[in-house]
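Values below: all heavy atoms of this structure, side chains included; hydrogens, waters and symmetry mates excluded. Everything numeric in this text was worked out from a predicted model, so none of it was measured.
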Amino acid sequence: ARRSVLRNSIANSLGWVAQVALNLVLVRVLLDHLGVDAFGVYTVVLTLIGYFSIAQGINQATLKFMSQHWATGDYAAAEAAISSAIAFNLLVGVVGTAAIYAGASVLAENVFRIPRELQPAAAASFRIVSFGFVPTTMALTLAAIPQALQRYDVPNLVMVATGVFNLIGALVLVRLGVGLQGIVTLTAALTAISAVALYMVASRILSGRARIRLRYHPGRLGDVARFSAFTFGSSIIGTVVYHVDRILIAAVGGTAAVAVYAVAQLPMTRLVTLVTRTCEVLLPETSHLAATRQHAKLERTYLKTSRYVLVGTLVCFVPFAVMARPILRIWVGDEIAVQGSAVMTVLAFGFLVRSQTGVAAVVNLGLGRPEVNTAFSFLNLAIVATFIYPALRLYGLVGVAAVSALGSLNGPVFIFVTNRRLLTGGNLEYMRTVLPKPLLMAAAQVAFLLPFQNVGSSWAAFVALG
């Protein structure tokens, strides 16, 4: 089991690294080719696709129960979990396609502050990308099948291949002078191709013991339905919180502003994805330990993984908090570095805190307690919904970043609640085992990086944006 967890963690991490590298190059290529405003429209288009990652909440239930039933040899129940998830996510995708296609002109002309000359291209791009919603939800469902069978390498290979072709295709289109609509068409087409590829490999992995069919099994899915209700709710809330800042900035501040924010936010979201990928491979393992009542081993796994994740997140996020302006200057140039450095610093702090909740969230799922995750997701949503609009009006992009960070502060409370229900020694055991060495390491890291940071310029940018 330990070897499987390690192998899957490595596969997920390497897949993430490859996709981040490809995205960083793609961002620079598209910024130079499209310009800031058109790139902002492209960001909004991708954000709309991201809203339909709410299907991931259903897929967590698929992963948990398919893995559980597969281990006991109940292949009919495993097939029921797969088929019902496909049926539901297909419905989600069709609704999304219809809604965005019908409302494309309204989005381009009335909802978002898009320059008038870009509005026709933006409306066309929204219509094009609406056809990517069904493949997006299907790809998420199909990826859960090999993951449930401890084959995280398979969906990662498909996603990396899709990223490579997306970058190559974008470079070709740029050379040909193709604009925003062509880039969006490429993205939507590759999403559909990745869904087909995942269907083929998932069918092969199932080896005929279960089939991928469009069928709903209401009589066999009582536990799955309950679990899915909470994970789906968490997924909806998380998706709204994750994307609402860029949507609101696009509506109030315009596409140029959302481009600056998206660039500053991109490394943070990719790092959070890395943490999520690292933690999610624990779900089959924690489910097994909970089912077999190996509580002591579950506690050790939780504490050890939490410590490793904290070390990793500090190593990753602290440089972006301390060195935001030099990083942005090297990556995307002085203009966005001046406007986005304070945003990146604040976001780095918030995402650092948020990332540490990943292990506790997965353990709660493994223990069959998704309602705990949903409750704290709702609290985060309440904080963001209350403060984000006035913060944007009063303090601009830095205000939005600060609200995002404020919402993350319920993370320590979430961890403490999980600790009280899981650990024999409670929160004291967690603080004694997990925190001391990583926090000392973080202090040394900050002390090392500070001499390389132009503190005066960063503070000036912060004041100007505020």
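Taking each heavy atom of G399 and A391 in turn, the nearest pair found is O-CB, 3.5 Å. In terms of heavy atoms, C279 sits closest to V309 at SG-CG2, 4.1 Å. Across all non-hydrogen atoms, the minimal contact from A251 to V111 is CB-O, 3.2 Å. Summarising the geometry of R329 relative to D334, their closest heavy-atom pair is CG-OD1, 2.9 Å, with the distance given to 0.1 Å. For the residue pair A264 and M344, the shortest heavy atom distance occurs at O-CE, 3.5 Å.
Of the possible polar contacts, none joining the T137 side chain to the L90 backbone as a donor-acceptor pair under 3.5 Å is found. A donor-acceptor distance shorter than 3.5 angstrom exists from the side chain of T191 to the backbone of T187, with no hydrogens or angles considered. Remark: the backbone N or O of I114 is paired with a side-chain donor or acceptor of Q119 at under 3.5 angstrom.
Taking the six-membered ring for Trp and thresholds of 30 and 60 degrees, Y430 and Y302 have ring planes inclined between 30 and 60 degrees apart.
I100 places a side-chain heavy atom less than 4.5 Å from the side chain of L107. Counting only heavy atoms from C-beta outward, the side chains of T433 and R307 approach each other to under 4.5 Å.
Sorted by first and then second residue, the pairs that involve residues 369-386 and meet side chain to side chain donor-acceptor pair (under 3.5 Å), not counting sequence neighbours, are R226-E371, S234-T374, N364-N373.
At a cut-off of 3.5 Å, with distance as the only test, a side-chain donor of S408 or R354 sits close to an acceptor on the other residue. Remark: the T345 side chain and the R325 side chain contain no N/O donor-acceptor pair separated by less than 3.5 Å.
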